[in-house]
Amino acid sequence: MSSLVQNKVFVPKRLRGWVLPLALLALWWAAVASGWSTSALLVSPVAVWQRGAQQVASGELWVALSASLWRNAWGFAIGASVGLVFGALLGGSRWFDRLVGPSFHTLKQISLFAWIPMLSMWFGLGDAAKIAFIAMAAFFPVVLNTFEGIRSVPREFIEVARVYEFSTWQLLRRVVAPAAAPSIFTGIHLSLIYTWLATLGAEYLLASGKGIGNTLIDGREHFWMDLVLFGVVVIGLVGFILNWLLSALEKRLLAWRDRTLASY
């Protein structure tokens with residue numbers, strides 16, 4: 001009987017990730033509906049839904065979301081691309097590592113938010129400062145994982161390539177890049193997560209213009225908890241979608257990792 005219970009699947013596999021969010025939503029609704037909590041900080045899910053519908057109908061959500069995603073895209077593109085080149089140089093050149101490595105490893109220890117005052121003095125409080133901050137958030141994880149990926153390429157692979165007299169381009173394209181690709185994608189994945197968090201942090205600390213972070217500020221200043229909670233839900237959903245899209249792209253581009261010799 002116990003084995004039957006253990007083997008029985010009560011929830012489809014694809015829906016198991018929804019169990020905890022739905023349970024928390026039910027607990028939230030029950031706490032408000034039954035009067036367990038009368039605090040103004042805990043509004044009902046219905047109020048949050050109504051506020052969300054109002055934001056969508058008025059177009060305010062799309063204005064704020066498009067502004068945040070635009071900053072996020074530019075910051076991620078700049079930071080990740082520069083980080084990829086810098087990490088490749090750091091990992092592929094001992095001379096470059098000795099020259100620049102100590103300074104880089106010192107700078108990476110500085111908290112990202114410590115750069116906010118300097119960036120605001122250099123670029124003001126507009127989009128330039130926010131994009132620079134987001135680009136910095138994308139830069140460091142890509143550099144570190146690209147560096148580690150290139151340095152972890154087995155020496156045997158390099159020796160075999162030399163036996164076959166590969167050119168430098170062939171060595172990079174057919175040996176180094178495939179071997180380092182999983183680590184590089186890990187850095188890009190982390191970079192995407194950090195840039196979304198940095199986007200919200202930049203909008204919150206450099207409070208000018210439109211954005212989801214500014215939506216949270218508006219809710220806090222007017223004590224509209226339904227707007228604050230709606231913003232939190234939107235932030236979580238966008239982060240989930242971005243993570244899902246990159247995971248799908250990574251799975252497609254690195255599908256060769258799951259192949260075996262039997263498949264050829």
Side-chain angles (χ1 to χ4, degrees), residues 20-76 79 110-138 191-243:
L20 182 58
L22 291 176
L24 292 175
L25 180 61
L27 182 62
W28 175 15
W29 179 84
V32 175
S34 62
W36 295 349
S37 175
T38 58
S39 173
L41 297 176
L42 186 65
V43 297
S44 69
V46 175
V48 176
W49 176 267
Q50 291 173 345
R51 174 67 73 169
Q54 177 185 350
Q55 288 280 307
V56 172
S58 65
E60 295 180 28
L61 173 63
W62 310 122
V63 172
L65 191 58
S66 60
S68 294
L69 290 175
W70 179 82
R71 297 186 189 106
N72 182 78
W74 272 106
F76 174 77
I110 301 175
S111 172
L112 189 63
F113 288 94
W115 295 98
I116 286 285
M118 185 178 296
L119 292 175
S120 63
M121 292 177 64
W122 285 349
F123 303 105
L125 301 178
D127 286 337
K130 296 174 184 177
I131 292 174
F133 179 72
I134 297 166
M136 291 180 65
S191 174
L192 187 66
I193 296 172
Y194 293 161
T195 51
W196 182 235
L197 298 177
T199 299
L200 303 171
E203 292 173 350
Y204 202 84
L205 296 174
L206 302 171
S208 63
K210 295 292 185 179
I212 293 297
N214 302 97
T215 299
L216 295 180
I217 294 175
D218 291 341
R220 180 200 64 185
E221 291 181 346
H222 295 88
F223 207 73
W224 294 334
M225 284 306 300
D226 51 352
L227 181 60
V228 172
L229 290 174
F230 173 70
V232 171
V233 171
V234 171
I235 290 168
L237 287 176
V238 172
F240 172 80
I241 292 172
L242 292 175
N243 181 72

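Values below: all heavy atoms of this structure, side chains included; hydrogens, waters and symmetry mates excluded. Note that the coordinates shown come from a computational prediction; the quantities given were computed from them, not determined experimentally.
- The two residues Phe230 and Gly52 come nearest to each other via the heavy atoms CE1-CA, 3.3 Å.
- From Thr195, atom OG1 reaches atom CZ of Arg71 across 14.0 Å, with rounding to the nearest 0.5 Å.
- The distance from atom CH2 of Trp122 to atom CH2 of Trp115, rounded to the nearest 0.5 Å, is 6.5 Å.
- Considering CG of Leu61 and CZ of Arg51, their distance stands at 12.5 Å, rounded to 0.5 Å.
- The number of heavy atoms from other shown groups lying within 6.0 Å of CH2 (Trp74) does not exceed 12.
- Pairing each heavy atom of Ala137 with each of Ala198, the nearest pair is CB-CB, 3.6 Å.
- Of the possible donor and acceptor atoms, none in the side chain of Thr215 sits under 3.5 Å from a partner among the backbone N and O of Gly231.
- Taking CD1 of Ile116 as the reference point, atom CE of Met121 lies at 13.5 Å (rounded to 0.5 Å).
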Apply side-chain contact (heavy atoms from CB on, under 4.5 Å) to the pair Ile235 and Trp196, showing each step before the final yes or no. CA-CA 9 Å; Ile235 290 168; Trp196 182 235; 3.7 Å; yes
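- In Tyr194, the OH atom is not crowded: 12 or fewer heavy atoms of neighbouring residues, nucleotides or ligands sit closer than 6.0 Å.
- Of the inter-residue distances, the one linking Glu203 atom CD with Ile134 atom CD1 reads 7.0 Å to the nearest 0.5 angstrom.
- Leu206 and Ser120 get closest at one heavy-atom pair: CD2-CB, 3.9 Å.
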Show your working on side-chain contact (heavy atoms from CB on, under 4.5 Å) between Asp226 and Gln50 and close with a plain yes or no. CA-CA 9 Å; Asp226 51 352; Gln50 291 173 345; over 6 Å; no
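- Here the closest non-hydrogen pair linking Ser68 and Gly211 is OG-CA, 3.3 Å.
- Heavy-atom minimum distance, Leu216 versus Val228: CD2-O, 3.4 Å.
- Residue Leu205 holds its CG atom at 11.0 Å from CG of Leu119, rounded to the nearest 0.5 Å.
- Residues Asn243 and Leu192 are not in side-chain contact: their nearest non-hydrogen atoms beyond the backbone lie 4.5 Å or more apart.
- Side chains of Asn72 and Leu242 form a contact here, defined as non-hydrogen atoms less than 4.5 Å apart.
- Annotation for Phe133 and Ala202: closest pair CD2-CB, 3.7 Å, computed over non-hydrogen atoms.
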